[in-house]
Amino acid sequence: MSENPAETNVSRRTVLRSTGAAAAALGIGGGGLVSLSEAADDESGVFTDYVGEDEVIPNSCAPNCRGRCPIEVHVRDGRVQKTEPGIPENREYKRGCTLGLSHAQRIYNPTRLKYPMKRTGWSADDPNVDGRGEDAEFERISWDEALTIMADQMEAAKAEYGSESVYFESGSGDYGTASDHQARLASLFGGTRMDWSIDINVGQGFRRVGGAGWFNVPTNQASDLKNANTIIAWGGDIFASRLQQDSSKMLDAIENGGKLVVVDPVYTGTAAKADLWLPVKPGKDVHLALGMIHHIFENELYDAAFLRKRTLGPALVGPDGTLLKAADVLPGSDEDKPVAYNTETERVEILEPETEGAYALTGEFSVGETTGRVALDALEEEAANYVPEDIEETVGVEAGNIRKAADWLATRGPGGVVPGLGVDRYKYGHIFGQAYAVLVALTGDYGRSGSFQGGYFNGAAADFGDYSAPEGSPGYEFIRQTKILTGMESGDPFQIKVLFAQESNFIANQLPDRQRWLEAVKNLDLIAVSDMHHTPTTQHADLILPAAHWFEKVGATSPSTHPHVMYREKAHDPLWEARSDFWINSRLARKLGFGEYFHDTKPEELESMLEADEHVDYETLKSQGTVEKPVPVVKYTGEFNTDSGRLEIYDEDAPSEEGISLEVPRPVESRTAEDWEGADEYPLTFMQKHSKWRIHSQFEYQPWLRELNPEPQLDINPKDAAERGIEHGQYVRVHNERGEMVVRAKVNDAIQPGLVNTDQGWYTDDFVRGHHNDLTHTDVSPVTGNFAFYDVRVEVEPAPDDIETNMYTENPTGVPERTGDRQ
Amino acid sequence: MTRYGLVIDQERCIGCQACAVTCKQENNVGLGQFWNRVLTEGGDHLDTPEGGYPEHGQDGTLSMNYQPTACQHCENAPCVKVCPVNATYIREDGIVEIDYDKCIGCRYCMAACPYNARVFNWDEPEHVPKEGTGDVEARPQGVVEKCTFCSHRVEEGLDPACVVNCPSDARIFGDLEDPNSTVSKYIKKYDTHQLLEDRETDPSTYYIKGEMSPGRPQISDKMESELSPAEREEAGLRPTPHVPESAAGGDD
């Protein structure tokens, strides 16, 4: 086939002989101190031939995206030469994305942390907290010294403030087992760990109806998408932020004749593929859902049999708004169960889960001495306030299209709603979770193939038993991130004095109202941060602990979104003095007197952890690379995990927001409301989309990605730009009462007038000035405690003339050189 | 005879740039250079639509598509015609390649290529990591380079990297001369087009637009022609063995 086959073969053999020198120059394999850059500076490190034979080993990507793809790592002479998607047991899940294909640039990135470091000026007696931050300098110390400092400070804080004053933070930097090891240590020590305050809004709202949901909502396996006849992708750009595993399956659904409806204020790449795009205004998602619910009632498109069998639709509601209970209204019954009126027996009967009956779906009935009104009527009555033609201007969606989407969902067979994390990020986003849970209850879209109720496709998780909380350990305090903040600030609920963060870029980058966090950590005596790369958070640390890249450690990952547990084989030892998360936690444990609770090596530890899993054992996992667990394809097939065992489309225990009680969904808004008090001063809503260029703040300095996406930008509609005298490509200042950022304007018609966006995750160094999280706030709903990143208002103006932007004009990929020099 | 070709389903392409990035990885393409680009068909910038944002909540006033573009591997390649030193040539299997030892850097081929598919190494190529990635020979300063359909993989029976690593199954590679290959079938079945057909370059790259295809799910790195009957079945392909070219069609 080739014109010169002989030459090709010769060149391969030549290279096989010559690459040995390259590996030696890198010092890989010996775990030595020779740094990558030192090797590269050496003349012998100039490579003229790149051909050779690779060994292929299994690993996996787990950066808190929804993909968690198996990866094939190609290793040559002890170096990672490239990555490709791995092939798991169920080959439908052989996927990978742009980011997973760039790991060679992540593992050998100049921003890798090389040695344990201590901030110059920090000491146990005087932590010199004002020395933290952008100008902090660090000096190299030994691992023993680093771990000794940590252990001493932890013990000191424990003695003075109690063990819970030591905060063990695991971010979302690697869904391997790092968090499990840290949890075990925290539990033994009696420290504190954080429960999330991010992306748990919609899930909690859904949970009130469907009895499941936290981070988004569990739903059928992704492989079942092809059987959906209508998919409403609501508030999520699937083809950008979760394209890894989901894009092919979503496309298969379209190819198979399914209709894709996209609800998004932004004309995203996903909207571009949709059969119908509903350009909803920010914060009007519940209005829209109620408009669709109204259409379904008005045209009697609901699934009556499903409502009778599996929901509280037919339940009778008493005059006080609570459900009538059998014990109160049925003579001789002591059951605390809801009741319904059976039109055949003409009697009021107990509403058991999963029971069919000729229950009335509308009307009012006398029950003993009281009257009961069918719950579904309360929903219908509320939805009647949202007639599509009346709300189209408010919601921003043409009435005919609201009706069309509802029609498709109700009449085309199995379908459902696949929410992203967009609506989560409004203060009262949980009400949307309730609203769409009710919507898909009306259409009967639960418990069947092709029906979807969430964005968290069913998958496998390894079962590690009680590993995170070993028997006899004092256990750890588990408090929300909102409380971690107040704990550091003012001791509410208790004082936090020491932070050990791993795989986390939270405090200086990813949390809302960034300046408040940076101020709060001034109350900490020690901030120790373990990471692969130099992040804004490591820059704010007192101790920097270099962590191994995922390919530098043995491990196991659980995707939760597809049915495999995946093995990680080590490509080579950690570079420089980096160490695996297991090593760091277990060696710190030794210093703290808990060494006996950890094995010497990660493989031993993993083998023992997996003993609790009845489907996955270490040896099989290691030999196969992936193990498929028996995970149901279809969710919600039996009784719901609710008090009644039914979908609680009327929630008698409903919370209130702003004085509005939520038995049925009712819109409540914060800063997206037209009449929000600051709207005149800050007229633009500011969101920070998940992009296809990074996962949160990970994959930050990948030159291949930076070439395509060099710097943070502000998406702004031409109308809003013109009003402010802003042209495409110009630097603009985005500001509100909390802070500012300066970024380049990307004037485009995909973004709704009145809305602006900067993709989230950029580091502080990437901004000409400020940071996107200097603009966000920590104002949360008391019901869900979820950070409301998109419920933010700003104003935009041309940037001042004195800004320095040569960081981009002189260095097109934007990778700051000084970052590497700080190590 | 074999003539390799590529079908790209633009209905399945989501503009994720995985093909662009995996191409750089596989072929060790230097910083600042792209052999494989995903252009936005829409607004003036990457990932922007054309049209105006709907004022009254309608659907369909904006549009955006993606145009993945690399060397089209033309049968009637203008680059080959203009090369004064025969450094650019068409292989027997239809792949257009460059002999870097012969290339004198005159860049006539770049001017002749209507697809802007070629790049020139003005400087010594720079790689991150410096040790390079992938599995191809080095190209020096002063030569033109471009997509090779990953000929080094094709020779080992593997699909090109952009095909194997497309998360959307939007790329299908195979033998255009084989009537049983998925590429041949798709070209027949779907409304495919070649880029700039009026130039009569007869590219080996075809695009599907209008109706989405099922793609070709990749259950391994192997080219379709290398799959065993069992693997063909698993990949959703007809489990029949390849029909020899001589037997296809019946009367020729």
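What you are looking at is a predicted structure, and each value in this text was computed from that prediction instead of being measured. Just so it is clear, the values below take in all heavy atoms, side chains as well, and ignore hydrogens, waters and symmetry mates.
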I'd like to know if the side chain of B/Ser168 reaches the main chain of A/Ser248, judged simply by a donor and an acceptor atom lying under 3.5 Å from each other, with no hydrogens or angles considered. no

Heavy-atom contact with chain A under 4.5 Å, split by part of B/Glu126: neither

Most chain A-contacting option - heavy-atom pairs closer than 4.5 Å, from B/Val21, B/Thr48, B/Leu62: B/Leu62

Can you see which heavy atom on A/Leu243 is nearest to which on B/Pro167, and at what distance? CD1-CG, 3.8 Å

Less than 4.5 Å to any heavy atom of chain B: does that hold for the side chain of A/Leu708, its backbone, both, or neither? both

Pick one of side chain, backbone, both or neither for B/Cys23, based on which atoms fall under 4.5 Å of a heavy atom in chain A. neither

Proximity breakdown for B/Pro54 and chain A, heavy-atom pairs closer than 4.5 Å: side chain

State, yes or no, whether a side-chain contact exists between A/Trp693 and B/Gln17 at a heavy-atom distance under 4.5 Å. yes

What distance separates B/Asp47 CG from A/Asp237 CG, expressed to the nearest 0.5 Å? 9.0 Å

Donor-acceptor pair, B/Tyr53 side chain versus A/Asn717 backbone, under 3.5 Å? no

Where does A/Asp275 contact chain B at under 4.5 Å (heavy atoms): side chain, backbone, both or neither? backbone

Within this structure, what is the OH-CE distance for the pair A/Tyr267 and B/Met64, rounded to the nearest 0.5 Å? 6.0 Å

Side chain proximity check, B/Val128 to A/Gln702, heavy atoms < 4.5 angstrom: no

Take B/Arg12 and A/Asp252 through the test salt bridge (charged side-chain N to carboxylate O under 4.0 Å, His left out) and record every step on the way to the result. CA-CA 9 Å; B/Arg12 293 189 79 91; A/Asp252 289 345; 2.7 Å; yes

Is any NZ, NE, NH1 or NH2 atom of the basic residue among B/Asp169 and A/Lys249 found under 4.0 Å from an Asp or Glu carboxylate oxygen of the other? no

For chain B, which candidate among A/Thr268, A/Leu251, A/Asn748 shows the most heavy-atom pairs at distances under 4.5 Å? A/Leu251

With distance as the sole test, does A/Lys94 use its side chain to make a donor-acceptor pair with the main-chain N or O of B/Ser220 at under 3.5 Å? no

Turns out that what part of B/Thr61 lies under 4.5 Å from chain A's heavy atoms comes down to neither

Take atom CD in A/Glu727; do more than 12 heavy atoms of anything else shown fall under 6.0 Å from it? no

Identify which part of A/Gln245 has an atom lying under 4.5 Å from any heavy atom of chain B, answering side chain, backbone, both or neither. neither

Contact class of B/Cys166 relative to chain A, heavy atoms under 4.5 angstrom: backbone

Does the pair B/Glu131 and A/Tyr108 meet the rule for a side chain to side chain contact (heavy atoms under 4.5 Å, CB included), with working shown? CA-CA 10 Å; B/Glu131 297 79 7; A/Tyr108 305 125; 5.5 Å; no

Could you give the distance from CG (B/Asn65) to NZ (A/Lys273), rounded to the nearest 0.5 Å? 6.0 Å

Salt bridge check, B/Asp59 against A/Lys404: does any charged N sit closer than 4.0 Å to a carboxylate O? no

Is any side-chain N of the basic residue among A/Glu707 and B/Lys24 closer than 4.0 Å to the acidic one's carboxylate O? yes

Quick one: of A/Gln105, A/Arg95, A/Glu255, who has the most non-hydrogen atom pairs under 4.5 Å with chain B? A/Glu255

Basic-acidic side-chain contact under 4.0 Å: A/Glu84, B/Arg153: yes

Rounding to 0.5 Å, atoms CG (B/Leu46) and NZ (A/Lys746) come to a distance of 5.5 Å

Is any side-chain heavy atom of B/Ile14 closer than 4.5 Å to one of A/Lys692? no

Using heavy-atom distances under 4.5 Å, tell me whether B/Glu11 contacts chain A through its side chain, its backbone, both, or neither. backbone

Given B/Gly43, B/Cys19, B/Gly52, the one with more heavy-atom pairs under 4.5 angstrom with chain A than any other is B/Gly52

If we define contacts as heavy-atom pairs under 4.5 Å, which of B/Gly60, B/Ser213, B/Pro140 has the most with chain A? B/Ser213

List in chain and number order the residues that pass ring pair (Phe, Tyr, Trp, His ring centres under 6.0 Å) with B/Tyr66, two or more places apart in sequence or in another chain; answer none if no residue qualifies. none

Report the relative orientation of the aromatic rings in B/His45 and A/His728; use parallel for angles under 30°, tilted for 30 to 60°, perpendicular for over 60°. parallel

Determine yes or no for a side-chain-to-main-chain donor-acceptor pair under 3.5 angstrom, with A/Lys82 supplying the side chain and B/Asp135 the backbone. no

At a 4.5 Å cut-off on heavy atoms, which part of B/Val164 comes close to chain A: side chain, backbone, both, or neither? both

Taking side chain as everything from C-beta outward and backbone as N, CA, C, O, which of these in A/Glu392 sits under 4.5 Å from a heavy atom of chain B? Side chain, backbone, both or neither. neither

Where on A/Ile751 is there a heavy atom nearer than 4.5 Å to chain B: the side chain, the backbone, both, or neither? backbone

